[in-house]
A.B. asks: 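Have a look at this one before I ask anything.
We use all heavy atoms of the structure for the numbers below, so side chains are in, but hydrogens, waters and symmetry mates are not. First the proteins, then the strands, lettered A, B, ... as listed; each starts at 1.
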Amino acid sequence: MISVLLLFAPVAAALLVPMLARRLRGIHTGWFVLAVPVLLFVYYLGFLPKVKDGGVHIGELSWIPSYGISLTSYIDGLSLLFSLLITGIGSLVVLYSIFYLDKTKERLGNFYAYLLMFMTAMLGVVQSDNMIALYGFWELTSISSFLLIGYWYTRDRSRFGALKSMMITVFGGLMMLGGFILLYIMGGTFSIRELISMAPELAEHSLFVWALVLVLLGAFTKSAQFPFYIWLPDAMEAPTPVSAYLHSATMVKAGLYLVARFTPIFAASEIWVWLVTSIGVLTLFWGSFFAVKQTDLKGILAFSTVSQLGLIMSLLGAAAAAFHVEGAAETMFKYAGFAAIFHLVNHAAFKGSLFMVAGIIDHETGTRDIRKLGGLMALMPVTFTLALIGSLSMAGLPPFGGFLSKEMFLTGMLSLGELDLFSPAAWGTVLLVAAWIASVFTFIYSFYFVFRTFTGKHKPDLLPKSAHEAPAGMLVSPAVLGLIVIAIFFIPNVVGNWIVKPAVAAVQPFMYGSPADVDVHVAAWHGHITPELMMTIGIVIAGLILYGLLPKWQGVYRAFPEYLTLNKLYDSAMVFSESGTNRLSRSYMNGQIRSYLIYMFSGIVIIVLGSMIAKDAIHVTMEGTAPIGAVEIGLIVVLVASVVTTLIARKRLTAIIALGAAGYVVALFFVVFKAPDLALTQLVIETVSVALYLLAFYHLPKMSRHDEKRKFRVGNALVAAAVGLMMALLAMSAASQKALPSISQFYKDTVYSEAGGGNIVNVILVDYRGFDTLFEIAVLSIAAIGIIGLIRLRLTRKGDSSEKQ
Amino acid sequence: MEILMSVIIGFLFMAAVYLILSKSLLRVIIGTGLLSHGAHLLILTMGGFSGSAPPVLTDGVTDFADPLPQALILTAIVISFGVTALFLVMAYRSYQELETDNMTLLKGNDEHD
């Protein structure tokens, strides 16, 4: 219960922060905000001992019980790992942003409100056991990401990037919702835990594959997998703290979380293994290859993030593959799941610090263009050290955490080669080779990032600002992350036992009963030369050679025609859908009142007649009807004649008089049907109306049909006939079948005793329904005011504005 | 009688809709007038024509016409008068300002979409 409410602590704080910020202008808003993630981080740390032994914490708050929808805080190994990442990196990012964002120039209230909203959303995603709540939080992360990317909304690129990320991730979110609903149809519950417990039955269901593909679409769009990755590079328009937080450490990992979370359900399907692994490796390769093309520091990091996400994705695929292997927990297949989670932690640490470094460089030199940078090593020694730690860890070199998880990644890929799940059998080898080449490119872009920026010739005349070391406060956060990167290398098994293994046990319950069963020991040196070590040495050698020759082959990238890229495809799809929908709405919203009325009348006819037919409500009976007298026949003849006259009248006066005649006939009908009050009112009103018509007619032009074409009139007649038929049927059916007795008896019985009147109609109007009459008078007054306004109103004519000058 | 009145109501609605869809503003307004006549008769018909005396308490009479539809119609008559008056003034003013009563020309200009 408390843990569920704490999910909303950041959003609640977001309500208070702007007020505090206004009170205490001298202090940077970030200092107040910082307390939120730090406290939550400490709170979640408290769960570690329990979760380490395989325990889970469940908090539940009922939301829509009738549909089985509740807010949950389900903390097992996997969600605890993510919660710690979200709050831990969140704390560091907020600290960093205090120095990054100027308190006088930026709208900090907005920034921190969005950031806190994101924090709640992301915590909700990883802790929700209920799929509908998960979906809600999922979309909230997309929305807060949209707001944060567009934070500098006056820039075109920011708005473009924000919209692009929104379009792609929300599309994926909707697909995912579809998958969730299919799962609900199959399993009858929204709870992920319950679905996992019935995983074997679900796998037999015919909708299983559809649910699988839809859920994967959600994961792939969010985690920027090929071909949906295109939004991530454009999301780099966000302030750098946001890029470090959302677009490398947390939000883009939501897709990985989703895949990990649903692995116990979908691992049974070979399609799942196939798709997750192949798309992961493809993304890994694609991202690392194109990272070298980038010239913007954050662009390099964006593509590298895409590639690293692909790496983790492929490992999750390999982890699911272990489901299909007998006794996987004793063979080399056990490594993939561990490696996925382990690399996820490593990546969050080193990529977070690299983004902060890129932000520092931008902040202190005024540019992120790698062609203008160079030789900053002497000017910014601390930043250089931090960049070096992050990059070498990313490249997979010792003594940094990245080396260990990269080795295990290679183990995981090697294990795929042993699998007979893939057909053709060579596919496993193809994946292995692609992964190896991608690792070479990872090595190259890591070196490219750090050495192009910090070594070489310093070009002070190209820089907007004279470069100098960043203030100490700004360096704290990346330094902490850098220390973590080194610490992981030296104490990998502490991290493994406390954080990684509980998460692995949650991802692969089909292999492990509790975290203690995960028999993986991380070591930098295995005591002998392993194939993985050979591959790593190969990567370093090939990487060094290619990095040295970079200027010779960088021209390769220009060989790709621009019009074939995915970005181009997205742009033209956007343009097409925008102009297409515009054309569509213009085609029927043509500004003609007649068209709109026709839509309305047709709609009414279709709905009313349709439901009358569907409900079999059309009944006509002569039973119990009043007899037809001679007077009535006479009145009907006159009424029809006068209506026909209004229809065919050529002169205005004829039409008005015919309308008046019809009105008087209606008054006579009221007399016949025993409604004297109505008859009197109708006579008075009709007389005044005719007078009004005559008055207006004096000012209106001669009646002209304005060349109504035959087609026009036939169309009108058809609609009119349909409405007439509908009303006639409605009236007949209503008169022929009384479902309930009239409530009028109540009035008849009480009119004298309660209201002391004899004329029932009048008493109803002024007594029982007095308020109706009051409002009726109000309507008349409004009409009168409107009329006065209209008559007095003098609209400015076109010539007037020029006269005023 | 109810069946016959139903046909008349359908006829009134048909004529009203036809006029409302036409191009001349005055005919549109006349159409709304016929529409309200149709609606009033519809309410009355739906209540049925049973009852042999007006709904006014008189000694010895118990078979009244249904008073509730009449009360509703009374309100409707007055409101429809207000609407007609407003329409007529609007037509008058729009003709003064725009110098046309052709419905096809009375639409928003293209600059605004």
A.B. asks: What part of B:Met90 is in contact with chain A, defined as an atom under 4.5 angstrom from a non-hydrogen atom: side chain, backbone, both or neither?
C.D. replies: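 The answer is both parts of B:Met90.
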A.B. asks: Is any side-chain heavy atom of B:Leu12 less than 4.5 Å from a side-chain heavy atom of B:Leu41?
C.D. replies: yes
A.B. asks: Of the non-hydrogen atoms in A:Val643 and B:Ala15, which two are nearest, and what is the gap between them?
C.D. replies: CG1-CB, 3.4 Å
A.B. asks: Highest number of heavy-atom pairs under 4.5 Å with chain B: which of A:Ala717, A:Ala784, A:Ser733?
C.D. replies: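 Ranked by heavy-atom pairs under 4.5 Å with chain B, first place is A:Ala717.
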A.B. asks: Measure distances from B:Ile73 to the heavy atoms of chain A and classify the residue's part below 4.5 Å as side chain, backbone, both or neither.
C.D. replies: both
A.B. asks: Check whether A:Val779 gets within reach of chain B through its side chain, its backbone, both or neither, counting any heavy atom under 4.5 Å.
C.D. replies: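 Side chain only.
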A.B. asks: Answer with side chain, backbone, both or neither: which region of A:Ile593 has an atom nearer than 4.5 Å to a non-hydrogen atom of chain B?
C.D. replies: side chain
A.B. asks: Side chain from CB out, backbone as N, CA, C, O: work out which of these in A:Leu780 comes under 4.5 Å of a heavy atom of chain B, or both, or neither.
C.D. replies: side chain
A.B. asks: Using a 4.5 Å cut-off on heavy atoms from C-beta on, say whether the side chain of B:Phe11 contacts that of A:Val644.
C.D. replies: yes
A.B. asks: I need the minimum non-hydrogen distance between A:Gly786 and B:Leu86, along with the two atoms involved.
C.D. replies: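 Shortest heavy-atom separation between A:Gly786 and B:Leu86 comes out as C-CD1, 4.0 Å.
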A.B. asks: Would one find more than 12 heavy atoms of other residues, nucleotides or ligands at under 6.0 Å from atom CE of B:Met1?
C.D. replies: yes
A.B. asks: So for B:Leu42, is it side chain, backbone, both, or neither that comes closer than 4.5 Å to the heavy atoms of chain A?
C.D. replies: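 It is the side chain, since no backbone atom gets that close.
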A.B. asks: Given side chains that start at C-beta, do those of A:Leu647 and B:Tyr18 come closer than 4.5 Å, heavy atoms only?
C.D. replies: yes
A.B. asks: Based on non-hydrogen pairs under 4.5 Å, which of B:Val78, B:Val7, B:Leu19, B:Ile9 is most in contact with chain A?
C.D. replies: B:Val78
A.B. asks: Please classify the contact of A:Ser736 with chain B as side chain, backbone, both or neither, using a heavy-atom distance under 4.5 Å.
C.D. replies: side chain
A.B. asks: Heavy-atom distances under 4.5 Å only: say whether A:Phe712 touches chain B with side chain, backbone, both or neither.
C.D. replies: side chain
A.B. asks: Report yes if the side chains of A:Phe746 and A:Tyr768 come closer than 4.5 Å at any heavy-atom pair, otherwise no.
C.D. replies: yes
A.B. asks: Heavy-atom distances under 4.5 Å only: say whether A:Ile764 touches chain B with side chain, backbone, both or neither.
C.D. replies: side chain
A.B. asks: Does any backbone or side-chain atom of A:Glu686 lie under 4.5 Å from a heavy atom of chain B? Answer side chain, backbone, both or neither.
C.D. replies: side chain
A.B. asks: With heavy-atom distances below 4.5 Å as the criterion, would you say the side chains of A:Tyr693 and B:Ile30 are in contact?
C.D. replies: yes
A.B. asks: Report the option among B:Val56, B:Leu21, B:Thr58 that has the most heavy-atom pairs separated by less than 4.5 Å from atoms of chain A.
C.D. replies: B:Leu21
A.B. asks: Please state whether the side chain, the backbone, both or neither of B:Leu74 comes within less than 4.5 Å of a heavy atom of chain A.
C.D. replies: both
A.B. asks: Where does A:Ile743 contact chain B at under 4.5 Å (heavy atoms): side chain, backbone, both or neither?
C.D. replies: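 For A:Ile743, the side chain is the part near chain B, not the backbone.
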A.B. asks: Among A:Ala722, A:Ala728, A:Gly629, A:Ala696, which residue has the highest count of heavy-atom pairs closer than 4.5 Å to chain B?
C.D. replies: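 Among A:Ala722, A:Ala728, A:Gly629, A:Ala696, the one with the most close pairs to chain B is A:Ala728.
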A.B. asks: With respect to chain A, which residue among B:Gly33, B:Gly82, B:Ser22 yields the maximal number of heavy-atom pairs within a distance under 4.5 Å?
C.D. replies: B:Ser22
A.B. asks: Could you have a look at B:Ser52, B:Pro69, B:Ser94 and say which one has the most heavy-atom pairs with chain A under 4.5 angstrom?
C.D. replies: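 Between B:Ser52, B:Pro69, B:Ser94, the count favours B:Ser52.
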A.B. asks: Do you know the tightest heavy-atom contact between B:Ala65 and B:Pro55?
C.D. replies: O-CB, 3.7 Å
A.B. asks: To the nearest 0.5 Å, tell me how far A:Gln745 CD sits from B:Phe64 CZ.
C.D. replies: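 Answer rounded to 0.5 Å: 9.5 Å.
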A.B. asks: Do A:Ile604 and A:Met726 touch side chain to side chain, with heavy atoms closer than 4.5 Å?
C.D. replies: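 When only atoms from C-beta onward are counted, A:Met726 and A:Ile604 do touch, with a gap below 4.5 Å.
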A.B. asks: Between A:Leu725, A:Thr681, A:Val763, A:Ile656, which has the largest tally of heavy atom pairs under 4.5 Å with chain B?
C.D. replies: A:Thr681
A.B. asks: With chain B, which of A:Leu678, A:Leu765, A:Ile628 has the greatest number of heavy-atom pairs at distances under 4.5 Å?
C.D. replies: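 It is A:Leu678.
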A.B. asks: Below 4.5 Å from any heavy atom of chain A, which atoms of B:Leu72 appear? Answer side chain, backbone, both or neither.
C.D. replies: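 Neither the backbone nor the side chain of B:Leu72 comes within 4.5 Å of chain A.
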A.B. asks: Would the number of heavy atoms belonging to other residues, nucleotides or ligands and lying under 6.0 Å from OH of A:Tyr752 be above 12?
C.D. replies: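 No, OH of A:Tyr752 has 12 or fewer neighbouring heavy atoms, counting only those of other groups under 6.0 Å.
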A.B. asks: Which bit of B:Thr75 is near chain A, if near means a heavy-atom gap under 4.5 Å: side chain, backbone, both or neither?
C.D. replies: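 Interface part for B:Thr75: both.
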A.B. asks: B:Ile8 versus chain A, heavy atoms under 4.5 Å apart: side chain, backbone, both or neither?
C.D. replies: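 Contact with chain A: side chain only.
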A.B. asks: Could you check if a side-chain atom of A:Leu790 sits within less than 4.5 angstrom of a side-chain atom of B:Tyr92, using non-hydrogen atoms only?
C.D. replies: no
A.B. asks: Quick check on B:Leu34 against chain A: is it the side chain, the backbone, both or neither that has a heavy atom closer than 4.5 Å?
C.D. replies: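 Looking at B:Leu34, backbone and side chain both touch chain A.
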A.B. asks: Quick one: what part of B:Tyr95 sits under 4.5 Å from any heavy atom of chain A, side chain, backbone, both or neither?
C.D. replies: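 Only the side chain of B:Tyr95 comes within 4.5 Å of chain A.
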A.B. asks: Heavy atoms, side chains only, cut-off 4.5 Å: are A:Arg769 and A:Glu776 in contact?
C.D. replies: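 Counting from C-beta outward, A:Arg769 and A:Glu776 never come under 4.5 Å.
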A.B. asks: Can you tell which of A:Leu639, A:Ile777, A:Ile598 has the highest number of heavy-atom pairs within less than 4.5 Å of chain B?
C.D. replies: A:Ile598
A.B. asks: How many angstroms lie between CZ in A:Arg713 and NZ in B:Lys23, if you round to the nearest 0.5 Å?
C.D. replies: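 Spacing of CZ (A:Arg713) from NZ (B:Lys23) equals 10.5 Å.
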A.B. asks: Which residue out of A:Ile636, A:Leu597, A:Asn582 racks up the most heavy-atom pairs below 4.5 Å with chain B?
C.D. replies: A:Ile636
A.B. asks: Listing request: all ring pair (Phe, Tyr, Trp, His ring centres under 6.0 Å) pairs with a residue in residues 661-687 of chain A, at least two apart in sequence or in separate chains.
C.D. replies: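 For residues 661-687 of chain A, and leaving out neighbouring residues, the ring pair (Phe, Tyr, Trp, His ring centres under 6.0 Å) pairs sorted by first residue read A:Phe669-A:Phe673, A:Phe673-B:Phe49.
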A.B. asks: With chain A as the partner, which of B:Ala53, B:Ser36, B:Ser80 has the greatest number of non-hydrogen pairs under 4.5 Å?
C.D. replies: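 The answer is B:Ala53.
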